[in-house]
Amino acid sequence: MLRGISPHSAVEMHAHRQSGHGTQSTSATVNQGRKFGTWTCFFMLLELVESQREGIGQRRSAAFFRAVADGIPMPRVAWQLYFRAARLLRFGTATVSLMFALQRLSRARMSLPTKLDRKAVTVLITGAGGQIGYSLIFAIARGELLGKDQPVNLHLAEVEAAMPKLRAVVMELEDCACPLLHKVVATCDDVDAFAGVDVALLVGARPRTPDMERKDLLAVNARIFERAGALLDSVASKDVKVVVVGNPANTNALIAAEHAPSIPKENFTALTRLDQNRATGAIAKRLGVSPADVKGAIIWGNHSTTQFPDVSSATVDGKPVPEAVGDEGWLRGAFTSLVQNRGKEVIEARGGAGSAASAAHAIIEHTRDWLLGSDGATVSMGVYTSAAVGGSYGIPPGLVFSLPLRTYRGGRYEVVEGLPVSEYARSRLAVTQTELLEERSKALTTTPESGAGGGGAGVEVA
Ligand code: NAX
């Protein structure tokens, strides 16, 4: 186990230094801010009532109000003088504008210290010494996962053999001196790694080696994710949000969920955001537009070659994508195949290494949208199915199946209902659903020793 290795304690010291400075002045400023807000509101209300009673409305110096809104602090006595002058000069409309400006100012004054006071969120990354970890860890330390005002603790887990590599990552992390990073635990003790975590990014998994059949991969990883589920159940936060990345991601997520009975099933998700981004990127490239203009690409089913990338209800600049592309053959053929096989293509191009930067980017987007909300946008995640989740599209319960979702701050999500499902789409859904059912039955019944079961229809995609 490697815990609190010496450079890491420097990270801790750095964090103490920050909160040591910040805490006293912070609470003093909060109190000041509150008093300031209360008094100014009181005077403003008096002024508002009076000016309304007198029925007077005049516009006054917009520049002055803008300056106030932008945060010029003024002592209370100055505001009192201003209000007296305002009453003498009898301008009422201006006072209303000022009230809004002051509201903004006092909010701004109070929000900064509150952010500094926030409790750090503890994020676990397994397989932290791997390729995805090398991009993901630094993005989280910079505040890209939960916001630039949210401190984080990082729990970095690895197998013992990979600890020297992880130690190097921790050194680099310390050298970044990221202000939001409060504490780093780098360990191969899995109980330490999972203890108290609020967000678990389960990236570590056994890769498929040339001597392995798909059933072997399923079996080996089933053991890893059974253990992860049991640890989440026993030592993590009861509200932990779990994102499974390690392949076969959907079935691994299902296994972890089944082995964590005290944690709600909706807290387990599998990453299909990389596939969604690949689909969005491919459409944008074909149409020569920005990916930001393409909205509503959906990934259905498994993160494997059987997945169904669906743009039938997606839009580009408000126009339906099928109409903008104008080539159904391309959408059903080359486009679908590109998204399904992109991982393999990247592995070949990188000489055996899988998608890493794009995967880390997708993990950040998946988790951020899930926990902070997608602002009405449709996003795809592998989620635990039930009559209410996927039932309306005919997906059987008890699978982790990628679906179109809308997400809301705090981790709530709902399936986007009522999307048209053509005969073609139905046949694609059936293929990926069959594969997931097969994976489930093999993973839940196979042990590494028995090696029972045959290979599924698809292959995991990286
Ligand atoms: P790497 O092989 O570079 O890293 C994996 C790391 O996990 C290794 O350092 C290994 O020591 C560690 N590890 C293995 N078992 C562990 C355990 N039980 N506890 C902790 N650590 C463990 O792979 P990388 O490129 O980072 O990919 C990681 C996983 O993501 C793979 O399973 C890969 O197939 C999967 N992917 C899934 C994607 C998705 O969209 N769902 C896309 C990207 C990626 O290919």
Side-chain angles (χ1 to χ4, degrees), residues 1-2 124-137 155-169 185-194 200-209 212 214 217-218 220-232 242-253 255-256 269-279 299 301-305 307 309 339-348 350-367 380-382 400 402 448 458-462:
M1 179 189 106
L2 174 72
L124 161 70
I125 303 172
T126 66
Q131 294 210 70
I132 295 176
Y134 195 63
S135 288
L136 184 59
I137 290 169
H155 284 199
L156 307 176
E158 255 301 347
V159 295
E160 200 163 358
M163 287 308 288
K165 209 166 152 194
L166 184 57
R167 191 177 292 120
V169 175
V185 174
T187 181
C188 58
D189 179 319
D190 55 9
V191 177
D192 279 353
F194 281 73
L201 307 177
L202 304 184
V203 180
R206 179 75 190 276
R208 190 168 177 177
T209 44
M212 268 174 127
R214 183 171 166 77
L217 182 79
L218 273 169
V220 170
N221 281 305
R223 301 294 85 76
I224 292 175
F225 285 87
E226 279 172 20
R227 173 81 182 147
L231 286 163
L232 289 166
V242 185
V243 182
V244 176
V245 180
N247 276 319
N250 298 52
T251 299
N252 289 342
I255 292 168
T269 61
L271 183 77
T272 53
R273 183 58 170 265
L274 179 54
D275 306 298
Q276 179 192 319
N277 289 348
R278 284 167 174 164
I299 302 299
N302 202 2
H303 171 68
S304 80
T305 52
Q307 68 177 265
V339 179
Q340 289 172 334
N341 295 293
R342 185 62 152 195
K344 195 162 158 260
E345 206 185 329
V346 171
I347 291 177
E348 280 162 15
R350 296 188 75 214
S355 304
S358 57
H361 180 73
I363 296 167
I364 295 281
E365 291 196 325
H366 169 119
T367 314
S380 293
M381 306 195 292
V400 170
S402 183
V459 293
E460 71 284 354
V461 293

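Note that this is a predicted model, so its numbers are computed, not measured. We count ligands from 1, going down the list as the structure has it; atoms in each ligand are counted the same way. Each residue takes its place number in the sequence, starting with 1.
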Any donor-acceptor N/O pair, [X] side chain to [Y] backbone, under 3.5 Å:
X      : Y      : result
His155 : Ala193 : yes
Glu158 : Leu166 : no
Ser402 : Ile299 : yes
Gln131 : Ala356 : no
Asp190 : Ala228 : no

Does an N or O from [X], backbone or side chain, lie closer than 3.5 Å to an N or O of ligand 1?
X      : result
Arg206 : no
Gly129 : no
Ile132 : yes
Gln131 : yes

Short list, please: which atoms of ligand 1 are under 4.0 Å from a heavy atom of [X]?
X      : result
Leu274 : 42 (C)
Gly246 : 29 (C), 30 (O), 32 (O)
Ala359 : 43 (C)
Val159 : 11 (O), 15 (N), 16 (C), 17 (C), 21 (N), 22 (C)
Gly127 : 6 (C), 7 (O), 12 (C), 20 (C), 21 (N)

Could you state the interatomic distance from [atom1] ([X]) to [atom2] ([Y]), rounded to the nearest 0.5 Å?
X      : Y      : atom1 : atom2 : result
Leu271 : Glu365 : CG    : CD    : 10.0 Å
Glu226 : Asn252 : CD    : CG    : 10.5 Å
Arg342 : Arg278 : CZ    : CZ    : 7.5 Å

Phe194 side chain reached by Leu202 side chain, heavy atoms, under 4.5 Å: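 In contact.
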Nearest candidate to atom 38 (C) of ligand 1, where distance is taken over non-hydrogen atoms, out of His303, Arg273, Arg342: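 Comparing heavy atoms across His303, Arg273, Arg342, the nearest one to atom 38 (C) of ligand 1 lies in His303.
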Proximity flag Gly354 to ligand 1, non-hydrogen atoms under 4.0 Å: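 No; Gly354 lies far enough from ligand 1 that no heavy-atom distance drops under 4.0 Å.
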Ser355 near ligand 1 by a heavy-atom separation under 4.0 Å: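 Within the 4.0 Å threshold, so yes.
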Contact partition for Leu271 relative to ligand 1, non-hydrogen atoms under 4.0 Å: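 The part of Leu271 near ligand 1 is both the backbone and the side chain.
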